[in-house]
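To start, the structure itself, in structure tokens.
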Amino acid sequence: MITVTINGKGIKLEKPATVLEAARIAGIKIPTLCYHEGLELYGGCRLCMVEVEKMPKLQTACTLYVTDGMVVRTESEQITKARRGVLEFLLINHPLDCPYCDKAGECELQDLVMKYGPTTGRFEEGKRKHPESFDDPIIVRNMERCVVCTRCVRMCDGVQGASAIAVTNRGSHSFIEPFSSGEYNCEYCGNCLAVCPVGAIMSRLHRHAYRAWQVEQEVNTVCSYCGVGCSMVLQVREDTIKRVIPKIGLGVNKGLLCARGRFGYEYVGSHERLSSPLVKKNGKLEPATWDEALTTVANRLKEIKERFGGEAIAGVASPRCTNEDNYVFQKLFRAGLGSNNIDSSARLGYAGAQKYLEGILGQGATANIISGIVNSEGVFIIGGDPTHINPILGIQVRAAFRKGVRVITVGYTPGLERFRTAGLLPYPYTEGMLLSGLLEELLKIKSLPGGNKAFEAKINEFKRLSAGDIEKVCNITKEELSQAAKALSDISSVSMVIGRDIIQCTGASTNLFLLAAIAYILDARVYLLSERPNEQGLIDMGCLPDTLPGGRPLEIGSFRKRDEDVWDCQIPSKEGMTLMEIIESANTGSIKAIYVMGENPVYNLPDTNFVKNALERLGFLVVHDIFMTETAAMADVVLPSLSWAEKDGTYTNLERRIQRLRKAINRQGMEDWRILSEVGKKIGLKMPYNSAEDVMTEISMVSPLHAGLTYEDIERGLDQWPYKGEPLRQGLGVGDRGPVKIQMPGHKGRLYLSIEKPLFHSGTLSRRAQALNSIYPEPVVKINPETAKKFGLKDGDIVAVTSSKGNLILPVRTDKLIGESIVLVTNTFKGKGAMSLLSYKLDPITKIPCIDAVEVTIEKVVNI
Amino acid sequence: MNRTDELIKEIQEVKKSYPKTKAALLPVLYLAQREFGWLRPEALEFVSEALDIPKATVKGVATFYAMYKHKLMGRHLIQLCTNVSCMIFGAERLVDFLKNKYGLEVGGTTADGRFSLVIMECIGACGTAPAMLVNDDFYENLTEKYIEEILEKYK
Ligand code: SF4
Ligand code: SF4
Ligand code: SF4
Ligand code: FES
Ligand code: FES
């Protein structure tokens, strides 16, 4: 126990604290400028000076730790004079252009000068000149206003880990700059501008659009981009989002955001938004009234159900929609249309993997909190770069590495290049074999723990590859492999971060089996990277062909009965089709109608032409969306839904934390759940909801996982799995898997297509966000400089990337971190994406469409 | 072995003398300056790659120090002191002399690229002021005539 007296007030402290922290605990305010809660201590601005008895000079409260019996005064004439002096110095170079500066009203310097500052300065030399820089498309820099507190640099270096900016020059000539002196070319998280106390680094998105005090409403919600589910505040004025900011201490992100979250909101106000329902008449989509459109949908679905049965209808749910939307979606199908053909794009990776791993490792096996990564002793990453896919989770990995945690990556992870102990780059499509070898090595060191005998028998029976085999097949040396195994096995807590690339390649279920085995042996915490905000939620809501809400298997009659009682209907007991099976059946004609909610299958599924042809064969296609997507353009009825900022509801993130989305602005259109309820009512279903909260009330009755859960509970923090419910069962699954296929694609001279998951884009939404487009404006094909050399290519050359499915014409960008036989293309821009070049095969167990080794050629295009 | 490989080898040597790579940054910046003529962006990027230190950080460190060349300079660098002692002994006149005779401005370079002039704040030779450095060579008790003689040695 430490006792300190501040301004005559005695304060008892359990833990060591700085004078500033102790004062804050006691409710005493000490002015600060360079101090920031989330950053390393600096002690540079000298504004927080206080008097400490028995110390001759003033001390900086932000860096001085209290000792027992210390007596501190935070205000006195001497202190005020000193603070005034500091401010006078700071203002020497400051332009005092508050009337014109966007920061005015929330500027820490302005506030301090109002309170302590001198009214005039005595400095007579000229001020430092630094014209405002508009070189960057989204960050504007005004270095005349900079007070060199280094908050931005400490943020970029010490927290974000991008180290893109630095204090340049010295003394009174110092200022902050990115390397280029112009554009930032950084990760564009904007975390630097969030901590700048003055108007020196600011976002251009809302420049001169409003004043801090003119914000009419601040709405707490979660991000619409990825499965991390960052908490954020939407600042609203005149019914438009003016700015998105995080709140320190709030949510999984604790005051940080990534580029998509902070700068990606503009799609909401895009002029391309759909505003009226559209119904196809004479082969053309024409505006229609809601009633006409909804009646058409209900009647057509009813007709098809009567003629061909419910199995002829299928639904594609959406990981972008809320739990409430997805719940009502599957209810419409199960209770109203008599079909279990419900799946979503989550099948491409997350859902297939999540169900599989849970089956073996137990329900909730992937429900681990993100902050656990930094507290583990080792991190194993495979299948994607977390700093791109789930950036805030990626930052946790960086923080872990900084803390001394071992980080081992497999594959292309450019964002962790400076943050890993070992990086293994096996030949393309041999990652699965690498896992087999790793398992073998681990089993040499560790024995099976003995919890799940059936699974252990499977592990024993699995024909594993030796380190020697791996050296031949994967191009990973025996030493590299055994070192990796050793690094992971002599510690007590390992986090495994798994991305989609290892899940959707050939042998998906074998890879998952191996991942499960490794996680089982190491007793690792599993994190599945999630590219959409509600992949976990739609699983929990039962938007799967074999699972009811709450993760209950459809096959068990008593579970069906429970839902049937609430819904007052019969649920078909036959398991439905998975995503690609739905498309394939549309192609063969056994599926007659598809109902798509907030998804764009034509663009997001492999083999675009096949998907398109299949959808063309349908008798009826209905699409809810906020934009006219490639899929919506083919629909018979298009219903304009509401975006994330315009509705209430909940998302479940990859930790399985359920979080509230709150409506911030108004717009014409209907929430997806409301559209579905209207359709449902027209076909005779009971849909007793007036609000998203009403839907949640029903969810809490139907799903045992969410039993009794209310919005109030979520707000109170009962948001982490298993909420108020009980997990279903222990994982005793044995881990069925498809046949093992040792494939050794010849690597020399061949090129394989791989999908890039860019930090700045997600697809349909991000490509309508101007700011994101301005930093990553067009698709490129990324190759290794050596590959470029071999083909006589250089940056900027236009090439044709051709597979057996077609080609894409794109400019070349070289990147030395990419494997030499890899051709990396994104699937996020308008027009044809990389998915159009891919073909797939279904994994027999998980039904994940596995993208096989797709060979491509690249060729320079002259004069297109 | 080409020059770049040689430079990398030298850098590896320098790195060995320090427990942490970051500590090798200052000497390595000198090496890069020697190779690239001045610390132009390519030089900083080179150092960043060689030491695996982010390039913005490298730039921040490099620009902190006045002792590096931050722009293209002449073949020979004159560092003339004009601080108190030197000033009293006429250093300002020497500055004018350099300007009139060689067309050499403070912070500038002669048209033929032969000399650059940087003004120093005391080089520790107050007792024999005025003083200057030409490259690494030290000269004291300067006069206009003496400077003329000295500079003849540097072509
Ligand atoms: S936006 Fe992010 S990465 Fe870029 S300079 Fe700021 S903190 Fe660094
Ligand atoms: S730009 Fe802002 S945060 Fe960065 S040093 Fe200057 S005043 Fe501080
Ligand atoms: S990490 Fe994901 S949830 Fe967080 S701000 Fe970025 S995109 Fe949004
Ligand atoms: S806040 Fe303490 S020195 Fe800046
Ligand atoms: S003043 Fe010129 S050397 Fe000291």
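Below, chains carry the letters A, B, ... as their sequence lines are ordered, and counting in each starts from 1. Keep in mind it's a predicted model, so treat the numbers as computed, not measured.
No more than 12 heavy atoms of other residues, nucleotides or ligands sit less than 6.0 Å from atom CZ of A:R813. More than 12 heavy atoms of other residues, nucleotides or ligands sit less than 6.0 Å from atom CD of B:E35. Residue-environment remark: CD (B:E49) stays at or below the threshold of 12 foreign heavy atoms within 6.0 Å. Other residues, nucleotides and ligands contribute at most 12 non-hydrogen atoms within 6.0 Å of the CZ atom of B:F89. Around the CZ atom of A:R418, the shell of radius 6.0 Å holds more than 12 heavy atoms that belong to other residues, nucleotides or ligands.
In this structure, no portion of A:S174 lies under 4.5 Å from any heavy atom of chain B. At a 4.5 Å heavy-atom cutoff, B:A62 makes no contact with chain A through either its backbone or its side chain.
In terms of heavy atoms, B:T57 sits closest to A:S163 at OG1-CB, 4.1 Å. When all heavy atoms of A:A166 and B:G60 are compared, the closest pair comes out as CB-CA, 4.1 Å. Shortest non-hydrogen contact noted between A:F179 and B:E45 is CE2-OE2, 3.4 Å.
In this structure, OG in A:S180 is found 7.0 Å from NZ in B:K59, a value given to the nearest 0.5 Å.
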